[in-house]
Amino acid sequence: MTLEAPTAPTRSGFPAGFVWGAATAAYQIEGAAAEDGRTPSIWDTFSRRPGAVRNGDTGDIAADHYHRYREDVALMAELGLGAYRFSLSWPRVRPGGRGPANPAGLDFYDRLVDELLARGIAPVATLYHWDLPQELEDEGGWTARDTAYRFAEYAALAADRLGDRVPTWTTLNEPWCSAFLGYGNGVHAPGRSDPAAALTAHHHLLLAHGLATGVLRERLPAAAQVSLTLNLAAVRPLTTDPGDTRAARRIDGLANRIFLDPVFHGRYPADVLADTAHLADWAFVRDGDLAEISRPIDALGLNYYTPTVVAADDPAAPAPRQDGHQGERSPWPADEGVRFLPAEGSRTAMGWPVDADGLYELLTRLRDDLPGLPLLVTENGAAYEDYADPSGAVHDPERVAYLHGHLDAVRRAIADGAPVRGYFLWSLLDNFEWAYGYGKRFGIVHVDFASQRRTPKDSAHWYAEVVRTGRLPG
Ligand code: IFM
């Protein structure tokens with residue numbers, strides 16, 4: 001997979017060399033939770049906490065990808081995918097989070113990577129998609145500085161085994177969720193609700209990213225690409241009133257600049273430090289951390305689903321938070337004075353408004369803010385109430401419409417100069433949607449979790465055609 005600028009951009013389609021992929025994550029699809037030496041992650045523990053996950057669902061079996069990866073790679077090949085973004089399970093590779101690697105765990109990823117390469121599909125490996133070894137959480141999890149060092153050691157073990165065949169690596173997936181949903185309002189594992197802890201976890205996650213980037217650079221071939229994936233927010237003030245724009249500035253700080261400034265400029269934004277000063281003195285940022293965090297990377301991954309509309313809070317008319325995140329408590333540390341509202345438009349099964357312009361806005365903002373940095377859309381997609389009809393087919397016209405609109409936004413952003421090199425649809429398979437369990441289906445391939453039967457939905461056939469032709473139909 002190359003991040004080089006494509007040589008032949010076209011007017012109506014996607015540039016030659018554009019990477020077409022799909023994405024998944026270990027805990028959401030693998031299953032085999034206790035096999036071949038894997039130890040529990042925070043999600044194994046959290047999903048057993050009564051009421052934490054709908055229906056009491058766990059990732060114990062999930063889509064059984066650990067045993068069915070060959071069938072799944074064959075499906076990817078049928079779709080014509082050029083790349084596959086997956087994550088490694090830290091407690092499978094390094095049980096307990098410290099000590100030696102688990103050869104049997106690494107063997108699985110070895111087999112997966114070889115299978116992908118045999119089918120001409122480029123592997124794109126994410127090191128952390130939320131499954132922290134439980135033992136490390138018992139020692140403080142991401143609020144403990146040590147966890148960042150354990151992560152860098154784990155990155156080294158993975159790179160040493162797979163680095164000769166995996167060209168593209170991502171350190172973290174959506175650290176906003178790890179910090180703010182995991183430690184801020186507790187709707188994700190480990191289920192802690194403490195805004196100060198969320199800020200500490202945030203910094204240690206970024207430190208882990210920086211340390212691992214250094215380790216990967218030392219261990220991987222020179223041509224390997226190292227990246228980070230963020231779920232940046234397309235923040236919009238409801239009106240141009242100063243109160244609403246102040247609210248947008250605050251949330252832009254907590255969603256976007258709290259990541260982009262340290263990673264790309266080696267500093268935390270002054271307004272974010274001021275907004276959060278009543279929660280944390282930021283003494284967890286030690287000398288040298290920001291230099292570590294701002295090591296150059298080769299690409300930025302962007303995950304996008306829906307925009308974030310904010311207004312000044314009206315104390316006279318308090319309204320429930322509508323930022324699309326679960327939980328009664330806010331995941332946002334220091335969102336005082338901010339009211340979250342839904343964007344216009346139809347909603348997905350997650351209740352998330354469909355608004356492709358947010359994706360265009362983010363890609364063109366990154367074009368301007370980080371000139372020349374290759375961008376990848378590392379997740380985009382939608383959950384709908386899918387079911388197999390009596391003939392066995394799964395018709396999902398809403399998902400096709402969602403994908404069409406968002407891919408058109410990517411195409412427009414490229415035409416306007418955004419250096420977007422690839423698109424990874426979320427998700428290849430229906431899977432364990434975290435606190436929603438198996439109730440929300442994001443896959444373009446339907447999974448009957450009782451039989452583990454896979455059925456490509458209409459959207460899978462539609463996407464295969466887009467991949468084949470490099471252009472959107474119609
Ligand atoms: O399923 C998740 C994924 O793990 C991270 N990004 C958002 C997806 C949909 O909620």
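Whatever order the structure lists them in is the order used to number ligands and atoms, beginning at 1. Please read these numbers as outputs of a predicted model, since none were measured by experiment.
- The Glu174 neighbourhood of ligand 1 comprises atoms 5 (C), 6 (N), 7 (C), with distances under 4.0 Å to a heavy atom of that residue.
- Distance from atom 7 (C) of ligand 1 to its nearest protein heavy atom, with residue and atom name: Glu379 OE1, 3.2 Å.
- Counting atoms of ligand 1 from 1 in the listed order, those under 4.0 Å from a heavy atom of Phe442 are 9 (C), 10 (O).
- Between Asp44 and Arg38 there is a salt bridge, since a side-chain N of the basic residue sits under 4.0 Å from a carboxylate O of the acidic one.
- Counting heavy atoms closer than 4.0 Å to ligand 1, residue Trp352 contributes side-chain atoms (C-beta onward) but none from N, CA, C or O.
- The backbone N or O of Val338 sits nowhere less than 3.5 Å from a side-chain atom of Asp335 that would complete a donor-acceptor pair.
- Here the side chain of Tyr183 pairs a donor or acceptor atom with the backbone of Trp142 at under 3.5 angstrom.
- For atom 10 (O) of ligand 1, the closest non-hydrogen atom of the protein is Glu433 OE2, 2.6 Å.
- Taking a cutoff of 4.0 Å between a charged side-chain nitrogen and a carboxylate oxygen, Glu78 and Arg119 do not qualify as a salt bridge.
- Looking at ligand 1, you won't find any N or O of Trp130 less than 3.5 Å from one of its N or O atoms.
- Ring centroid separation for the pair Trp332 and Phe340 comes in under the 6.0 Å cut-off.
- When only interatomic distances are considered, the shortest N/O to N/O separation between Trp434 and ligand 1 falls below 3.5 Å.
- Among residues two or more places apart in sequence or in another chain, the salt bridge (charged side-chain N to carboxylate O under 4.0 Å, His left out) test is passed with Glu135 by none.
- Scanning Tyr305, Tyr27, Trp426, Tyr304 for the heavy atom closest to atom 3 (C) of ligand 1 points to Trp426.
- Taking 4.0 Å as the cut-off, His129 counts as a neighbour of ligand 1 on heavy-atom distance.
- Taking the salt bridge (charged side-chain N to carboxylate O under 4.0 Å, His left out) definition, one finds that Asp138 meets it with nothing, sequence neighbours left out.
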